[in-house]
Amino acid sequence: MRNMLTVALVLSVLGCRSYQYGHVVKDNQPSMVGSHSAGSEVYDPLVDEAVAKLLGACGSPMSLEISPEGFPVARQVCFVGIENKSAEELADFKDQLYEQIDTQINRSQSFRAISRHMVDVALHETRLRPDSLFIPANRQLFADVLQQQGSPVDYLLYATLTSGTTERNSSSQRDYTLTLELVDTRSGEFTKEQAFIRKGYHRSPLGRLANYNPFTVWR
Amino acid sequence: MRTSLTLRNVRLLQLAFYSLSCLWVIGCATHAHRLALPRDQFFNNQLTAAHTSLEKVVDKARRDRSVAELDLAIIELFNGDAQTAQSRLREVRDRWEHLEQTSLAEQATGYMTDDQRLAYSGEDYEKLLVGVFLTLSDLMQGGIDAESYTLQTIKKHADLIERLQAKSPDESTIAAYRLPAIAPYLRGVLREETHRNYDDALEAYQQAIECWPHLTQLQSDIERVEHGVHSSPGNGVLYVFALVGRGPYKVETTHEVTSEALLVADQIFSALGKYSVPPTLAPVKIPAIACEPKPFEFLGVQINQLPAATTMSITDLNLLAIESFAANQTQVIARAAVRRVLKKGTVYAAKEQLEASSPVASFAMDAMGVLWEASESADTRCWGLLPREIQVARIELPAGIHQLSLEPIILGKPIASAVDVMVEVQDGANTYALSFWPGIAPVGKLLVSHR
């Protein structure tokens, strides 16, 4: 009888369902690393690096046109969208990446991003697919609509996420690349910059040590 | 003499305690009886009466609360109150998330009685359908959260598969355990409407056709998002969603305990106790899925009194329920087997404790044990106001106000008069119409989305 009571007591104390808790991650704390797919630990640095490279390559204030009043004129960029060609679904990250890239471009002195809502209206009005804007006639039509809305466009910006996977027994390495492509709407010339991150996935905690020996000298 | 009398009194008290314990844990009235009336009222288009009856169930029957609330959400949705329905669905979703964790105390009670004593955390197909109905109810109010709900449903399915793989390595069962095609389809519909994310829409439609290859319309959807656009300039798109027939429900059935289930039961015993128990088991009571046939094949859709399209099945809820139920059946049978052995073991232990060696006492305790085992009933709790099928039609229309008429069709001929509603189609945007047809006439209102 005493045993039964003890068992009942233990079950009632230990066997309850727990609640879920949350906490705010501080700025200086690293992001959580996704165990099955990429997350903010991959996408955030990809965006930062790719945008910085792009701005470094063609965002020099020295190259800007000067207005009649003597001020540099920022170039108008229309961020068309992100194409996901990686092996993983972006799910709710897609719109987040869009906003991050759009905001970082807009913060630079050399470029001014056109409002996403205006871009949506232009796509809606012209019924053009984002990938069809590479055709000069379509690009011109699209730029005309934006111009009519009061947003002349100098460049179109495309982002593409790709991945490559290397398998080794129960471990794998996935290389993520974010490519930003800036297309001049008048000439069709383009500038391309990339950021690249590699990530390993393992079925066991020892998989990391087995595949990425810290004592190996890389050349 | 006095010592002997005292000992006898103690044993009598113990016997009374065991008897009362057995009676306390005997199963209660079944869920199906409590909810039969409100569900019939709903199917007979008495939405207010059904709502009142179900609210009483929510207040009184604690263990039926979740399924009663889901039924209430359906009633509220087709009564035109999508906001309340959505809030109720969210509450059940969150509660079920919490209940997915194992409570050892509750499981122990379940083993001593039956599965109805466990807090109901929903069958896997119901968890997925909560996400689908959250999306549909949100679309009726402008769809601000609809995309999130579609993603949650797809993620939920991935989580369920992962959990199932941990329990059972049978790949064929897991492969048959499909995502309701309407979940990725709705995601495709929403991504296509952005005029920007055609790649996402393509991926979603491809996922939907993998889940439901019978929907030929999906081929044209895939073709459109690969090479075309959402709609021509000046046009919008009307999606007609129809919930057809009465959905799957659970019935009690008996089942021979399979060797696989015995193996699982044995594993549970080995984990719990020091000695193995060799049970000789009679069939156990477990739930099974039942469903009534569809009242008609599909709906004919007319726009401004001209035939425009017919709806096509995008999700068969009966099939979905059968598949997800089959994937978990071994576990259900194993629990029933463990319960049966535990009850026999308890009676045996009680006899040993009370030294009930006399034929009369032994017979009395055996009778109590038999009564205890017979009191078990299968857990037939389920979301009872689901349809058998979800059907859809996509129609591109010029922007403006149109008359939408729906009529049930069998063998190419209408079998009942059409039901009309006015819809406003917006340039470059989606409009959604939703109706529930448990029979040849719809129940409640024919809903149209508004922004």
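The chains referred to below are lettered A, B, ... by the order of the sequence lines, with proteins before strands, and numbering in each begins at 1.
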Exercise for review: Could you tell me which of B:Thr194, B:Asn197, B:Ile154 has the largest number of non-hydrogen atom pairs under 4.5 Å with chain A?
Suggested key: B:Asn197
Point to revise | Rounded distance [0.5 Å steps], CG in A:Leu123 versus NE2 in B:His230 | key: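 One finds 13.0 Å between CG of A:Leu123 and NE2 of B:His230.
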Point to revise | Expected output: side-chain B:Asp199 to main-chain A:Asn84 donor-acceptor under 3.5 Å | key: yes
Exercise for review: Tabulate, in ascending numerical order, the residues of residues 158-171 of chain A having at least one heavy atom closer than 4.5 Å to a heavy atom of chain B, or enter 'none'.
Suggested key: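 Not one residue of residues 158-171 of chain A has a heavy atom under 4.5 Å from chain B.
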Looking at every non-hydrogen atom in both residues, tell me the closest pair between [X] and [Y] and how far apart they are.
| X | Y | value |
| --- | --- | --- |
| B:Leu151 | A:Asp92 | CD1-N, 3.8 Å |
| B:Val225 | A:Arg129 | O-NH1, 2.7 Å |
| B:Arg196 | A:Tyr98 | NH1-CE1, 3.2 Å |

Review point. What part of A:Lys94 is in contact with chain B, defined as an atom under 4.5 angstrom from a non-hydrogen atom: side chain, backbone, both or neither?
Key: side chain
Exercise for review: Using non-hydrogen atoms and a 4.5 Å limit, figure out which bit of A:Ile82 sits close to chain B: side chain, backbone, both or neither.
Suggested key: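 Contact with chain B involves the backbone of A:Ile82 alone.
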**Study point:** Option passing side chain to side chain contact (heavy atoms under 4.5 Å, CB included) with B:Pro233 (candidates A:Glu125, A:His124, A:Arg127)
**Key:** A:Arg127
**Study point:** Greater than 12 external heavy atoms within 6.0 Å of B:His227's NE2
**Key:** yes
Review point. Is there a side-chain contact between B:Gln207 and A:Glu89, using heavy atoms and a 4.5 Å cut-off?
Key: no
Check your understanding: Given a strict heavy-atom distance threshold of 4.5 Å, which part of B:Ser148 is in contact with chain A: side chain, backbone, both, or neither?
Key ->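 Neither the backbone nor the side chain of B:Ser148 comes within 4.5 Å of chain A.
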